[in-house]
Amino acid sequence: MKQQVIVCVDDDNTVLKSLKAELQEAVGNAYLIEIAESGEEALELIEELLSDGYEVPLIISDHIMPEMKGDELLKQVHRISPKTIKIMLTGQADIEAVGNAIKNANLYRYIAKPWQQEDLSLTVKEAVNSYLQNKLLASQNAQLQQMNQELADLNREQALLITQLHENENRLTQFLEAMPIGVGVLDADGQVYYINRKAKEIFGKGVVPDTSAEQLSEVYQTYKAGTNQEYPPENLPIVRALNGENSTADDIEVHQGEKIIPVEIFATPIYDKQGNIVYAINTLQDITERQEAEAERKKFIEELFEVNCSLEISLEAELEIAEATSRFVPNQFLSFLGCDSIVDIKLGEAVELEMSILFSDIRDFTTLSEQMTPQENFKFINSYLSYMEPLIVENQGFIDKYIGDAIMALFSESADNAVKAGIAMLHTLAEYNQQRASMGYVPVQIGVGINTGSLMLGTVGGRNRMDGTVIGDAVNLAARIESLTKNYGVSLLITQHTFDRLTNPADHAIRVIDRVQVKGKSEWVTVYEVFDADLPFVKAGKLATLQLFAEALFLYNMNSFRESGGLFADCLRQNPGDKVARIYLDRCS
């Protein structure tokens with residue numbers, strides 16, 4: 001095996017030494033670390049290494065350097081060693097430079113200076129592992145080179161998304177500073193990490209260095225409501241969140257001299273990819289006005305009770321109203337907007353989130369509904385939806401809206417939940433159809449489409465009528481992906497964006513079926529079929545022909561229609577129920 005070398009480039013020798021030391025610690029003796037103080041020196045070094053039989057799996061380069069900038073260097077490196085992974089490490093590169101590096105040099109990642117050692121170490125390990133995996137995959141199956149190139153394209157897109165993520169982080173900070181509620185963050189060691197402007201107003205101070213979790217009540221003057229007793233630090237919601245709890249409290253007061261501020265606090269833990277708690281975040285709101293309004297409301301109710309006992313309002317009635325309201329406006333929707341109840345919602349309130357969007361639709365519903373009276377239509381739809389709705393809730397999703405027979409559901413925690421919900425819907429549909437068949441009704445078929453991406457969640461409408469909704473390209477794409485299920489004769493399709501966010505795609509029966517340009521969109525989208533819920537013999541056939549189907553699809557995309565048609569025909573001989581293989585065979589003919 002060839003000796004592998006990581007090259008670091010920076011015009012600051014101090015930075016180079018620090019970078020080399022951290023990389024040596026991260027990768028050990030498995031790689032040689034070479035350094036260069038300019039783009040020209042780096043090019044000469046790489047050409048010499050390659051001519052001497054070394055491999056260069058990774059180059060890390062600064063951007064602002066005399067004579068040759070980092071994006072131009074990476075472009076030249078890509079020309080002579082296209083498989084080398086490129087990382088830009090700089091504090092001054094603009095989006096144009098990053099874009100140039102992505103476009104011309106297949107940039108893997110942009111890391112801002114000063115870097116976090118853990119982030120750098122993790123990125124380098126992932127980069128060299130990616131290099132080794134790409135090399136292994138290339139040697140195992142040369143016929144998949146085109147597909148590997150597509151994955152490289154996705155890596156470039158990912159690098160741009162990471163750059164955009166940094167911009168989004170800056171916007172998030174601006175957003176947090178502008179929020180009308182307080183936000184505080186503790187790190188995993190219980191140290192105060194961040195306090196926004198509103199929280200500073202409530203506490204009368206910002207981040208106090210070296211404040212431990214045990215000192216929070218003393219430093220930030222939090223007390224049990226109505227007393228001069230400091231609030232037990234271990235009971236503070238944000239401290240409980242460090243222990244993995246989602247918690248809330250409304251019995252806390254902040255004392256600023258003679259001023260007393262009652263607050264309501266919500267706290268939740270934040271986990272890394274390994275499931276370790278890395279932060280605890282809480283929101284706190286001054287509820288002085290709410291308490292005053294509550295007091296006035298109670299006074300009003302008491303006076304009203306005295307005037308007319310028939311207007312008695314019980315807690316049970318209020319709970320019933322709240323429960324009824326939640327059927328029209330999901331509690332999750334209110335939570336995302338930071339509202340305690342529907343009366344707090346204001347027109348135009350919105351928040352940007354990343355979610356997985358699930359669309360489902362009954363096939364040929366118009367034809368089906370024409371055979372029923374309006375009353376029978378409503379009875380059928382409600383019967384069908386009563387089977388589907390619990391499956392979405394059980395998988396941590398909520399229904400944004402019903403569109404006739406169609407369902408639009410949102411999942412904020414993970415793409416896995418959305419895919420599991422879609423599979424559960426198809427399994428339950430099979431049971432539902434058995435019941436319909438026993439009563440003499442025709443079976444129902446549905447299509448499910450899932451996409452994952454950024455969207456805006458908020459309220460739209462006018463003064464007298466408004467509605468909660470989500471808006472964005474990610475939503476539109478999910479709806480269009482669902483409509484493609486009809487074209488391919490399949491039940492469940494997901495996009496590349498959703499596939500990339502699955503924790504372990506191997507847990508499901510999945511295969512790529514096409515790369516399409518969806519109507520109304522300029523970019524191409526890779527589409528995957530999830531066939532866990534197919535009939536057992538169809539699913540078994542697709543699994544048995546998975547590699548054969550992939551080879552046929554590769555040849556089809558290379559315009560080798562005769563060869564691919566033969567392989568698709570083989571797929572059908574082994575699995576006659578494969579509708580997608582039938583479609584491709586017809587195309588090849």
Side-chain angles (χ1 to χ4, degrees), residues 154 157 161 330 332-333 336 350-363 365 384-385 388-389 391-393 395-426 429 445-458 460 467-503 505 508 510-533:
L154 292 176
E157 293 176 8
L161 287 174
Q332 297 96 322
F333 190 92
F336 285 126
V351 60
E352 184 175 1
L353 300 167
E354 180 174 289
M355 287 185 161
S356 292
I357 309 103
L358 179 150
F359 272 90
S360 73
D361 193 24
I362 296 178
R363 301 271 177 81
F365 177 70
Y384 162 74
L385 295 178
M388 298 297 113
E389 185 260 353
L391 305 173
I392 292 168
V393 175
N395 287 282
Q396 288 72 55
F398 68 93
I399 295 176
D400 179 70
K401 58 176 61 67
Y402 298 111
I403 312 168
D405 62 297
I407 298 173
M408 175 180 172
L410 303 174
F411 299 80
S412 61
E413 294 188 8
S414 74
D416 296 270
N417 290 335
V419 173
K420 290 177 182 177
I423 295 170
M425 291 169 68
L426 293 170
L429 181 69
Q445 300 298 324
I446 67 172
V448 180
I450 302 172
N451 182 41
T452 303
S454 180
L455 52 78
M456 294 299 296
L457 179 147
V460 296
D467 194 8
T469 191
V470 289
I471 298 173
D473 285 343
V475 181
N476 300 333
L477 181 55
R480 289 166 182 156
I481 290 299
E482 184 281 320
S483 67
L484 288 179
T485 60
K486 303 173 186 176
N487 299 351
Y488 295 101
V490 299
S491 298
L492 176 54
L493 292 177
I494 65 174
T495 63
Q496 182 74 54
H497 309 302
T498 299
F499 180 84
D500 288 341
R501 287 162 177 77
L502 293 178
T503 303
H508 302 290
I510 300 179
R511 64 177 179 175
V512 177
I513 64 169
D514 210 345
R515 191 167 180 265
V516 299
Q517 188 175 27
V518 183
K519 182 179 179 182
K521 302 288 290 181
S522 59
E523 69 271 14
W524 289 79
V525 179
T526 301
V527 181
Y528 294 77
E529 177 194 4
V530 181
F531 53 93
D532 293 74

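Please read all numbers here as calculations on a predicted model, not as lab measurements.
- The two residues Arg501 and Asp416 have their closest heavy-atom pair at O-OD2, 3.9 Å.
- Put simply, the side chain of Asn451 gets close to the backbone of Ala474: a donor and an acceptor are under 3.5 Å apart.
- In this structure, CD1 in Ile423 is found 10.5 Å from CZ in Phe531, a value given to the nearest 0.5 Å.
- Proximity of Gln396 to Phe411: side-chain heavy atoms (C-beta onward) are nowhere separated by under 4.5 Å.
- Here the shortest heavy-atom pairing between Phe359 and Ala479 reads CD1-N, 3.5 Å.
- Going from atom CD1 of Ile407 over to atom NZ of Lys401 covers 13.0 Å, rounded to the nearest 0.5 Å.
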Q.
Using the rule given for side-chain hydrogen bond (donor to acceptor under 3.5 Å, both in side chains), can you reason through Glu352 versus Ser454, listing the C-alpha separation, both sets of side-chain angles and the distance that settles it, and then say yes or no?
A. CA-CA 7 Å; Glu352 184 175 1; Ser454 180; 2.9 Å; yes
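- Looking only at side-chain heavy atoms (C-beta outward), Val475 and Met408 come within less than 4.5 Å of each other.
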**Q.** Worked verdict on Tyr402 versus Glu389 for side chain to side chain contact (heavy atoms under 4.5 Å, CB included)
**A.** CA-CA 10 Å; Tyr402 298 111; Glu389 185 260 353; 3.5 Å; yes
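- Closest heavy-atom contact between Gln517 and Trp524: N-CE3, 3.4 Å.
- Counting heavy atoms from C-beta on, the side chains of Ile357 and Leu410 come closer than 4.5 Å.
- Of all the heavy atoms in Ser360 and Val448, the pair that sits closest is CB-CG2, 4.0 Å.
- Taking 4.5 Å as the limit, every side-chain heavy atom of Ile392 sits out of range of all side-chain heavy atoms of Phe398.
- A donor-acceptor distance shorter than 3.5 angstrom exists from the side chain of Thr498 to the backbone of Thr452, with no hydrogens or angles considered.
- For the pair Asp532/Leu492, no side-chain contact is recorded, criterion being any heavy-atom separation below 4.5 Å from C-beta on.
- Between atom CG of residue Leu358 and atom CD1 of residue Ile494 there is a gap of 11.5 Å, rounded to the nearest 0.5 Å.
- The only member of Asp400, Thr469, Val470, Ile471 that meets side-chain contact (heavy atoms from CB on, under 4.5 Å) when paired with Leu457 is Val470.
- In terms of the side chain to side chain contact (heavy atoms under 4.5 Å, CB included) criterion, residue partners of Asp405 (sequence neighbours excluded) are, by chain and number, Asp361, Ile362, Phe365.
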Q: Go through Asp514 and Leu484 one step at a time and tell me if the side chain to side chain contact (heavy atoms under 4.5 Å, CB included) criterion holds.
A: CA-CA 11 Å; Asp514 210 345; Leu484 288 179; over 6 Å; no
Q.
One pair to check against side chain to side chain contact (heavy atoms under 4.5 Å, CB included): Thr485 and Ile446. What are the steps and the verdict?
A. CA-CA 9 Å; Thr485 60; Ile446 67 172; over 6 Å; no
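- The shortest heavy-atom contact between Ser491 and Arg363 is CA-NH2, 4.3 Å.
- Leu477 contributes atom CG, which lies 12.0 Å from atom CD1 of Ile450 (distance to the nearest 0.5 angstrom).
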Q: Just do the side chain to side chain contact (heavy atoms under 4.5 Å, CB included) check on Val516 and Tyr488 with the steps written out, would you?
A: CA-CA 12 Å; Val516 299; Tyr488 295 101; 3.2 Å; yes
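- Pairing each heavy atom of Met456 with each of Ala350, the nearest pair is CE-CB, 3.9 Å.
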